[in-house]
Structure formats: structure tokens, C-alpha cells
Amino acid sequence: TSAQIGVTGLAVMGRNLARNFARNGYTVAVHNRTASRTKALVEEFGGEGDFIKAETAEEFVAALERPRRLVIMVKAGEPTDAVIQEFAPLLEPGDMIIDGGNAHFADTRRRERALREQGIHFVGMGVSGGEEGALHGPSIMPGGPTASYDSLGPMLEKISAKAKDGAPCVTHVGPDGAGHFVKMVHNGIEYADMQLIGEAYQLLRDVAGYSPAEIAEIFRIWNQGRLDSYLIEITAEVLSHVDASTGKPFVDVVVDQAEQKGTGRWTVQIALDLGVPVSGIAEAVFARSLSGHAGLREASRELAGPQAVPLGKEEAAAFADRVEQALYASKIVSYTQGFHEIAAGSEEYGWDIDLGAVSSIWRGGCIIRAAFLDRIRAAYDARADLPSLLSDETFAREIADAQDDWREVVIAAVRQGVPTPGFAAALAYYDGLRAERLPAALTQGQRDFFGAHTYRRVDREGAFHTLWGGDRSEASA
Ligand code: NBP
């Protein structure tokens, strides 16, 4: 017998993905650099389905039916290149290499180009949902040649998460690096979501005066409404958890320095290159980085702040409702920015990404899964060429309803000295887009003054320069 699919790289993700394929009835060839992992997988989980254990690369390739489908699930970066170099010479035209790691999309583009010359289909595949997702159904974002999706797609649809309406959380995102690009932005949005939830928590604690357990209850209530999402749900779990050794709220015994692996940072770096304002995601990345500067924070502890006045009980409850509005409005802005980045990447690289389909496949399996994504899906269904999520009538109306409270929350945060870079940046983005006139006109004047960079006029076509150092007459440039 031969395997319909092979997985090499059997750490948590690869092992669980291999088991997921096997549990869905596929024969799976399994391989890992260190053979003991392969052995352990088959010993522990061999009963779940049909596995073919391969010790060498040659055995692994020989076990696969043709065209071969070979999934790589190793550490992103050099290990991925090493594994490709090991296997590519053993493959034939039409075979597929599927990289399920968190590769940078530029690496995926490079690898796809190189392997295409050999006739090998390279599929850069974003996988979200962590180890649980890999086992029970992740959200899958495959890129690569359309032809490879014809044979790979049905298998991925089987192992993927399913949205509440039963739709599989996978789609062919687009050519070459499109899948990994979308996975990258997914992670950037995840950073922003987490930051906004963190800000809501801190406001409820420091301004409204609630305890972590009380805040957990508030999040549980929010989770029954429009904020219903995996991240809100686990936030309530984390906040209600009590540390066994001290009896204190768990959140109070954890060092408040957030780490990051890089995909959020990539989202911001690429957004800078594409000229897309993803201020909410950027603030989330910077907030993690600020938290990690322990020495700087220590040295800054004595800096002056406002006299904080905690709210009374009734005011606190009303304030919590406002925070819900601020969180929801800011969330709409984060997604607006993230989808803008995907649209810009799609345009830049000619990927033709269907934004509605992207919102669809994030509805299940992944970390940002949420009822909210159904609304985004509906927005793109209503209008496929929506210029921005904020142009959708429903979102525009919801923000209109939320904006007074959103502003009040940012004002309260500023007044009490609670940092809310996510809420504030989202609001500034919203007001920036709304503004009739921006000071960009002044910026253009300054640029023309010191660098003769020219400007355009509101009333005439063309580029102009004012002779600032002379008689200040205007010349066509
Ligand atoms: P790791 O990222 O920890 O990678 C460990 C695997 O890489 C092992 O199988 C290891 O083999 C193999 N490997 C390394 Br390291 N260097 C190698 C080389 N030069 N040649 C061959 N194999 C090599 O595993 P993971 O946490 O399961 O993640 C796998 C991929 O999935 C990563 O790209 C990750 O970013 C991505 N991802 C992870 C998550 C998550 O929640 N963890 C979610 C989504 C995506 P060995 O056993 O011989 O050392």
C-alpha cells in the first residue's frame, strides 16, 4: 500500500496534523529527522489510522502515491530549506511539497519559483489553531499553483475545521506566497485583538476597580454577544484562574512582559513597505516590546502621572458597557486595517485574493475565530469590491452607535493615565479617515518649502512649486 500524504517534521504540529489525516481515513507516511519521534508517534497513536513509518528520506518518498504530496512541518527558516534540499532531488515533476510551517511569504515565493523550474508544485500553507487545531481541525490557508489544489483541496477540506454552517475552513488563497501572507496578517490581527482585550481588562481593573474574577464574569457576558470569540472565552478562563501556590489571581503572579515570535512584526514591516496604515497591529507589537523593556520601565516608574480617581459602583457598571463599545469599535478598525493589508498584498503580487473567502476560513479552527467573522463575510457577500470594512453599512452603523462611548473610554484612559494605545490608535485612524481635511496639506507645504518636493492643488491639475526663497510666486513643476 502507498500513502496518500506524507508528513515530515513530527514535533507537536506535524504529529497532530499527521494524526488528523489518519483519523480522516488517509494513509499517512510519517518521517522525522530524529527517528525516535517517528517511532513514538506510531507506537502511541498507530491505532488511530494507517501510518507508514519511514526512517530515511528515500523510504519516505517511496511510500507516497504519485503525484506525491509531502507536507513539511519543521521549524520555519533554515530547517525548511534544509528539508526541501533533502527531498527535492528525490521527487518527480508533478509532485507537491507543502510547507505548513510559519514561513515568511517572501521565502515561500523564492522556494516556489525555484521548485517550479523542477516541475515540483510548492504549496506554502498557513495553518492556524495551534496543536489542538492541528489535531481536531485547523484553519488552513494554502497558496501555490491552482492545479495542486485540485488534488490537495479535498483532503484539506476533510481535516480542516468547519464553521458553524458546516463550511470547511480552507480555501485556495492564491498563487505562491498568498497563503503564508494571509496567515501572517491573521497573526497580526490576533496581536491586535489580544492587545485590545488587554486594554479592556486594564481599564476595568484600574478605572472601574473590578477584580480579575469580576472581570472574568464581564468577559463571559460579553462572550454571549457580538464579541463572542475564542479569545474572549479564553480571557475569561485565564482571568478567573487562581494560582495554586499563592492563592492570588493567576494574572497577578505572571511577569508582565509579553513575548513574540515574529509574525506580528512581519505584518507591520510588510505594511510599511506596502504603505498600508495598520496602526492597531503596530501598536500591539510595540506594546509587547514596551512591556519587555524591564530596565526602562523600572527607571521610569517615578515619572509623574495624573491623580487617579476610581469610579463608584454604579459608574463602574456603566463604564464597563462603554468599554465593550470601545473594544468592539476598535476591533472593527483592526480588521479593517488587516483586510486592507491583504488587499494591498494581493494587488502588489497579483494574487487576486477573495477577501470574503478569507473571512470565511477564519470562522473556525484559528485563534481569531469569532462570530464577528460572519459579519465580515456578510459585508463582502453584499459587496465583493468593498473598499474598506468601514464602508459596509452595518459596520458603519455599529461604529456610529459606539463612537460616543469609544471616545469617553479613551478620555477616561488618558485622564487616569492608563495606557490604551490600541483603542486610541484605532480611534485616530477612524477620525483620520473621516476628516474633511487633514494636515497633510501643511506637510506638503513644508516639504515643498525645504526640499522643493512640489504639491498638487485642489483646484487645478498638475504639480506645483512655490519659490519660497524668492518672491513666493508659484511655478508649474
Ligand atoms: P518546531 O518549530 O519546534 O520544529 C521542530 C521540528 O523541526 C522537529 O521535527 C525537528 O526535527 C525539525 N527540524 C529542525 Br528544528 N531542524 C531541522 C533540520 N535542519 N532538518 C530537518 N528537520 C528539522 O515544531 P512545531 O512547534 O511543531 O512547529 C512546526 C511548524 O509549524 C513551525 O514552522 C511553526 O512555526 C508552525 N506552527 C506552529 C504552531 C504552534 O502552535 N506551535 C502553529 C502554527 C504553525 P528533530 O525532531 O529531528 O529535531
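In listed order, ligands and their atoms are each counted from 1. Scope of the values below: all heavy atoms of this structure, side chains included, with no hydrogens, waters or symmetry mates.
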#### Entry: F395 and F372: CA distance, side-chain angles, deciding distance, ring-ring contact (aromatic ring centres under 6.0 Å, His included) verdict
CA-CA 11 Å; F395 285 132; F372 180 69; 5.5 Å; yes
#### Entry: W362/M141 under side chain to side chain contact (heavy atoms under 4.5 Å, CB included): CA gap, chis, key distance, verdict
CA-CA 9 Å; W362 288 348; M141 294 150 255; 3.5 Å; yes
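Taking the six-membered ring where tryptophan is involved, the planes of F87 and F60 are perpendicular, since the angle between them exceeds 60° and thus also 30°.
With a 4.0 Å cut-off on non-hydrogen atoms, M13 touches ligand 1 through its backbone as well as its side chain.
Those atoms of ligand 1 that come under 4.0 Å of a heavy atom in V12, given as number and element, are 26 (O), 27 (O). Of all atoms in ligand 1, listed by their number and element, those nearer than 4.0 Å to a heavy atom of G9 are 9 (O). Contact atoms of ligand 1 toward L10: 9 (O) (distance under 4.0 Å to a heavy atom of the residue). Near G130, meaning under 4.0 Å from any of its heavy atoms, are these atoms of ligand 1: 41 (O). Under a 4.0 Å criterion applied to the non-hydrogen atoms of V127, ligand 1 contributes the atoms 44 (C), 45 (C).
Across N16, T34, V74, heavy-atom proximity to atom 12 (C) of ligand 1 is greatest for V74.
At least one N or O atom of N32 sits closer than 3.5 Å to an N or O atom of ligand 1. Taking only nitrogen or oxygen atoms, main chain and side chain alike, S128 does not reach within less than 3.5 Å of ligand 1. For ligand 1, the polar-atom distance check finds no N/O of A82 at less than 3.5 Å from any of the ligand's N/O atoms.
Ranking protein heavy atoms by distance to atom 34 (C) of ligand 1, first place goes to N102 N, 4.0 Å. Summary of contacts: the protein heavy atom closest to atom 24 (O) of ligand 1 is A11 CB, 3.4 Å. Of the protein's heavy atoms, M73 O, 3.6 Å lies nearest to atom 29 (C) of ligand 1. For atom 21 (C) of ligand 1, the nearest protein heavy atom (residue, atom name, distance) is V83 CG2, 3.4 Å. Nearest protein heavy-atom neighbour of atom 47 (O) of ligand 1: R37 NE, 2.6 Å. For atom 4 (O) of ligand 1, the nearest non-hydrogen atom of the protein is K75 N, 3.3 Å. If you check which protein heavy atom lies closest to atom 17 (C) of ligand 1, you get R33 NH1, 3.3 Å.
Residues D95 and R69 are not paired through a salt bridge, judged by the lack of any N-O separation under 4.0 Å between the basic side chain and the carboxylate.
Taking the side chain as every heavy atom from C-beta outward, V185 and F181 approach each other to under 4.5 Å.
With no hydrogens or angles considered, no side-chain donor-acceptor pair links S289 and R265 at under 3.5 Å. Side-chain atoms of H31 and T8 form a donor-acceptor pair, as typed in the model, at a separation below 3.5 Å. Side-chain contact check for E199 and Q195: at least one donor-acceptor pair (N or O, by modelled atom type) lies under 3.5 Å. A donor atom on one side chain and an acceptor atom on the other are not found under 3.5 Å apart for Y429 and Q337.
Ring to ring, F105 and H180 are not that close: their centroids are 6.0 angstrom or more apart. Two rings, from W406 and Y430, have their centers less than 6.0 Å apart.
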